K.L.:
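My questions all concern the structure below.
Predicted, not measured: the structure shown is a model, and the values here were computed from it.
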Amino acid sequence: MEHILACIDASAYANSVSDLAAWASTRLQLPVELLHVVQRRDAVAARHDLSGAIGLGVKTNLMEELVRLEESDAKLQVERGRVLLAAGEQRLQEGGAVQVRTLHRHGGIVETILEREADARLVVIGKRGAGHEFASDHIGSKIERVVRASDRPILIASRAVEEPRAIVFAYDASKAANRALERLLNSPLFTGLPVHMVLAETDDAAHRHALDKAAGQLRGSRDVRTTLQGGKPETVIADIVAQTPGAMLMMGAYGHSPLRTLIVGSTTTAMIRTVHVPVLLVR
Amino acid sequence: MPTFASLKSEWLANPRGDILAGIVVALALIPEAIGFSIIAGVDPRVGLYASFSIAVIISLVGGRPGMISAATAAVAVLITPLVRDHGVEYLFAATILMGVLQAIAGFLRLNLLMQYVSRSVITGFVNALAILIFMAQLPELTGVPMLTYVLVAAGLAVIYLFPRLTRAVPSPLVAIVLLTILAFYAGFDIRTVGDMGELPTALPSFFIPDVPFTLETLQIILPYSLTMAAVGLLESMMTAQIVDDLTDTPSDKQREMKGQGIANFVTGFLGGMGGCAMIGQSVINVKSGGSTRLSTFVAGVFLLFLLLVLGPVVAIIPMAALVAVMIMVSIGTFSWRSIRDIRHHPWQSSVVMLVTVIVTVWTRDLARGVLAGVILSGLFFASKVKRLFWVDSEASADGRSRTYRIEGQVFFASSERFADAFDFKEVLDRVVIDLSQAHFWDISAVGTLDQAILKFRREGTQVEVIGLNEASASMVERFATHDKPGADAAPTAH
């Protein structure tokens with residue numbers, strides 16, 4: 001059955017994720033699956049034993065010791081996860097989510113999210129994980145891997161969110177952007193929200209035409225504005241986002257191969273990093 | 001293509017722990033490389049170059065991050081006759097061929113064969129390896145002055161007692177340093193590493209082994225290469241499993257096989273002997289906090305660094321110190337628990353384990369030991385499963401027909417009991433063989449059923465076979481003769 005997958009951990013983003021998931025749930029009338037993945041501390045590296053001496057039964061003893069170390073830590077993490085999930089569930093219900101299911105799993109965060117997103121219409125995730133709490137203006141490495149590998153729309157929560165009241169649509173005429181446009185037209189998630197389409201390119205006839213054509217599809221059903229302005233996409237769009245109260249940024253994700261982005265840098269990553277509102281990425 | 005993130009997690013998850021662990025491991029690699037070069041009858045240089053090259057290459061191309069591979073006891077004990085009869089150049093050639101064979105085995109996915117190696121065989125392998133390592137120390141311990149024993153005992157005492165003082169320094173290193181200082185300044189007349197042959201003085205260089213490229217050469221090296229490849233892969237797969245279990249992380253066994261192949265192939269050209277993963281050193285690595293490719297890489301590089309920079313110092317290390325370290329590796333490799341478990345485990349498991357150990361120690365060939373263990377565990381398995389077979393029969397009221405109900409597993413081991421279950425002497429018009437609860441596994445079972453049916457027919461009895469389940473039916477359809485043209489009467493349908 002289709003649902004919204006909301007992924008939380010012990011970071012400050014857990015609340016924003018719950019709020020956004022509740023908002024999406026009300027609009028899409030879909031249940032929410034609230035996922036927390038238990039992260040275990042790696043005991044192998046945690047033992048400070050450089051004695052290098054191995055005696056009788058070393059394999060069994062070492063195994064038992066590692067299991068003991070990880071067991072107590074894992075128990076703690078599991079308890080913590082339960083508390084997180086309970087808090088998230090309550091927040092979702094208060095936010096008006098249709099139905100909430102919690103899911104507590106062991107394993108790699110990225111792998112688990114990719115495994116669970118098969119039935120998800122939308123994945124909601126925080127901008128950074130617990131490991132990157134204080135690295136401001138930075139996108140978590142796990143988030144980046146999820147975004148690259150996922151084929152679902154991903155809603156990335158910023159630290160503080162308010163209910164989205166307007167949509168800033170970073171339109172670049174790419175395939176992914178056109179898919180995003182399609183979604184904007186059809187999905188109940190966006191019904192009634194005003195849209196501000198932005199194309200960060202030089203103001204010429206071709207760009208103007210592309211932008212107007214796309215905007216034309218939206219007109220009629222809602223309030224649409226367009227901006228065509230040259231400059232770096234991350235500055236142009238970030239400025240408009242900052243001027244729009246209650247904005248949610250929407251964009252097509254990752255036009256380039258991972259290898260190319262490694263060399264030339266990625267607009268998508270830069271954008272997620274610089275704006276401080278929720279970002280919806282469409283593949 | 002490996003992603004940036006996976007590269008990072010396989011190399012830089014915990015650089016500090018990995019670098020320290022790599023250094024600790026390098027110290028445990030030196031005695032094994034030197035000791036087993038001597039066993040193999042080559043200069044210590046050959047083993048040390050091999051350990052450097054294998055460790056560094058496997059850290060790049062292996063499939064099990066955190067596992068240590070280098071020149072090993074298991075391979076070294078195999079090659080003594082080759083070096084003695086044909087010289088060291090043939091060893092290099094055999095190592096290159098060993099690498100090629102291992103890479104082929106990797107492409108053929110022979111790692112899947114490990115499924116057939118039972119736990120008892122693995123325990124036997126590990127114990128046999130520990131015994132081989134210990135036995136290899138015996139030449140250093142026989143016909144030597146009393147002083148050697150004292151030094152070895154002192155070395156072991158330091159190794160095991162020093163960690164109670166501090167765990168921040170590798171105790172094998174402390175033992176080696178203390179014994180070296182003592183022996184050097186006291187002027188003991190005992191054997192040192194320098195007496196054993198040439199140590200490396202420069203980086204290894206790339207050359208093609210000086211052997212004639214003829215069919216005769218291939219005939220000489222191929223048997224050695226095959227055994228070396230098999231033993232190397234066996235130990236590597238088993239060690240990978242141990243590291244998987246200890247670190248609770250998965251590994252790519254097929255990639256590891258190919259990686260072992262590449263490492264040995266290159267090592268042969270660098271003037272090194274063949275090697276594989278090492279159980280003892282891999283455990284030391286994990287114990288010291290190493291879990292990524294970086295620690296294996298550091299172990300290899302630091303080993304060479306030690307030798308090039310401290311070469312003259314290494315030469316004065318007394319052999320007794322290295323013997324002590326190798327006895328420690330032997331003790332750490334041995335599965336102590338298996339001795340305790342002999343009494344609790346089924347006797348068949350213990351027999352398999354002991355046979356693996358005995359055959360290995362007898363032949364000095366781990367591959368033969370494992371083969372013996374695998375065959376034996378297969379036999380034991382067949383003899384256990386054949387007991388899952390029951391027959392009961394019921395005569396009809398008029399005594400003219402009888403129904404045989406067969407239950408359980410019918411295969412080569414149980415087919416004799418299957419045949420014996422029928423009473424052909426009884427005079428009957430009709431026999432029903434109900435196989436609905438039976439499972440036919442092989443052509444022995446089908447052949448026995450055929451024979452029974454034909455025998456009944458010759459007595460003039462009509463036979464009906466019912467209830468063959470699907471798997472059995474397909475076996476019977478493909479291999480049975482009783483319902484094919486040429487059988488003497490048309491059977492009833494089943």
Side-chain angles (χ1 to χ4, degrees), chain A residues 38-71 73-74 106-111 113-114 129 131-132 139-149 254 256-263 265-266 269, chain B residues 1 3-6 8-9 13-14 16-18 20-21 23-25 27-28 66 126 158-175 242 245-249 279-281 283-292 325 328-329 331-337 339-340:
Chain A
V38 179
Q39 286 293 292
R40 192 178 59 196
R41 191 175 48 132
D42 186 8
V44 174
R47 300 169 72 258
H48 298 291
D49 176 2
L50 294 175
S51 69
I54 50 175
L56 275 178
V58 62
K59 278 171 291 201
T60 324
N61 294 347
L62 184 58
M63 190 76 196
E64 278 165 5
E65 191 183 338
L66 290 174
V67 169
R68 200 172 55 241
L69 281 171
E70 296 191 345
E71 186 184 24
D73 189 58
H106 287 283
I109 293 182
V110 179
E111 295 74 13
I113 294 176
L114 294 179
H132 294 278
I139 167 170
S141 60
K142 297 208 173 75
I143 315 301
E144 191 166 348
R145 276 168 68 201
V146 171
V147 171
R148 282 189 190 286
Y254 291 108
H256 309 312
S257 71
L259 187 66
R260 217 177 129 200
T261 55
L262 204 64
I263 303 161
S266 157
T269 314
Chain B
M1 189 195 126
T3 64
F4 194 61
S6 78
K8 199 175 150 197
S9 73
N14 175 30
R16 185 176 170 272
D18 282 321
L20 289 173
I23 292 171
V24 176
V25 169
L27 294 164
V126 166
V158 171
I159 286 170
Y160 285 119
L161 297 178
F162 192 76
R164 298 192 177 191
L165 216 61
T166 172
R167 290 176 146 204
V169 187
S171 66
L173 173 68
V174 176
I242 291 173
D245 291 345
L246 284 175
T247 59
D248 194 18
T249 50
I279 294 177
Q281 280 78 352
V283 172
I284 294 179
N285 185 39
V286 175
K287 189 164 176 273
S288 311
S291 60
T292 72
V325 175
M328 174 201 81
V329 170
I331 292 173
T333 305
F334 196 85
S335 171
W336 184 238
R337 208 170 147 181
I339 302 296
R340 212 179 54 197

K.L.:
Name the option with the most non-hydrogen atom pairs under 4.5 Å to chain A; the candidates are B/V325, B/D248, B/T249, B/D18.
P.N.:
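Of the options given, most contacts go to B/D248.
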
K.L.:
Examine whether an atom of B/I242 lies under 4.5 Å from a heavy atom of chain A, and if so say whether it belongs to the side chain, the backbone or both; otherwise answer neither.
P.N.:
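Only the side chain of B/I242 comes within 4.5 Å of chain A.
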
K.L.:
To the nearest 0.5 Å, what is the distance between CG on B/L246 and CD on A/E65?
P.N.:
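So the gap between those two atoms works out to 11.0 Å.
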
K.L.:
Using modelled atom types only, decide if a donor and an acceptor are shared between the side chain of A/K59 and the backbone of B/W336 within a distance under 3.5 Å.
P.N.:
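No; judged by distance alone, with no hydrogens or angles, the pair does not exist.
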
K.L.:
Quick one: pull up CG in A/L56 and CZ in B/R337 and give me the separation to the nearest 0.5 Å.
P.N.:
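Separation between the atoms: 14.0 Å.
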
K.L.:
Report which part of B/V158 has an atom under 4.5 Å of a heavy atom belonging to chain A: side chain, backbone, both, or neither.
P.N.:
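When you check distances to chain A, no heavy atom of B/V158 falls under 4.5 Å.
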
K.L.:
Find the distance between OG1 (B/T333) and CD1 (A/I54) and round it off to the nearest 0.5 Å.
P.N.:
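The CD1 atom of A/I54 is 5.0 Å from OG1 of B/T333, to the nearest 0.5 Å.
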
K.L.:
Can you name the salt bridge (Lys or Arg N to Asp or Glu O under 4.0 Å) partners of A/E64, sequence neighbours left out?
P.N.:
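Testing A/E64 for salt bridge (Lys or Arg N to Asp or Glu O under 4.0 Å), a comparison that skips the adjacent residues, returns none.
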
K.L.:
What heavy-atom pair brings A/A53 and B/I159 nearest, and what distance separates the two atoms?
P.N.:
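Smallest interatomic distance, heavy atoms only, reads CB-O, 3.5 Å.
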
K.L.:
Which atoms of B/R340 come close to chain A, meaning under 4.5 Å heavy atom to heavy atom: side chain ones, backbone ones, both, or neither?
P.N.:
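Contact with chain A is absent: no heavy atom of B/R340 under 4.5 Å.
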
K.L.:
Considering only heavy atoms, which portion of B/A168 lies under 4.5 Å from any heavy atom of chain A: side chain, backbone, both, or neither?
P.N.:
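Backbone only.
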
K.L.:
Tell me every residue that passes salt bridge (Lys or Arg N to Asp or Glu O under 4.0 Å) with B/D245, counting only those two or more places apart in sequence or in another chain.
P.N.:
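Expected list: none.
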
K.L.:
Is it the backbone or the side chain of B/I23 that comes under 4.5 Å from a heavy atom of chain A, or both, or neither?
P.N.:
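Neither part, no heavy atoms under 4.5 Å.
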
K.L.:
Could you tell me which portion of B/V283 (side chain, backbone, both or neither) has an atom closer than 4.5 angstrom to a non-hydrogen atom of chain A?
P.N.:
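For B/V283, backbone and side chain are both near chain A.
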
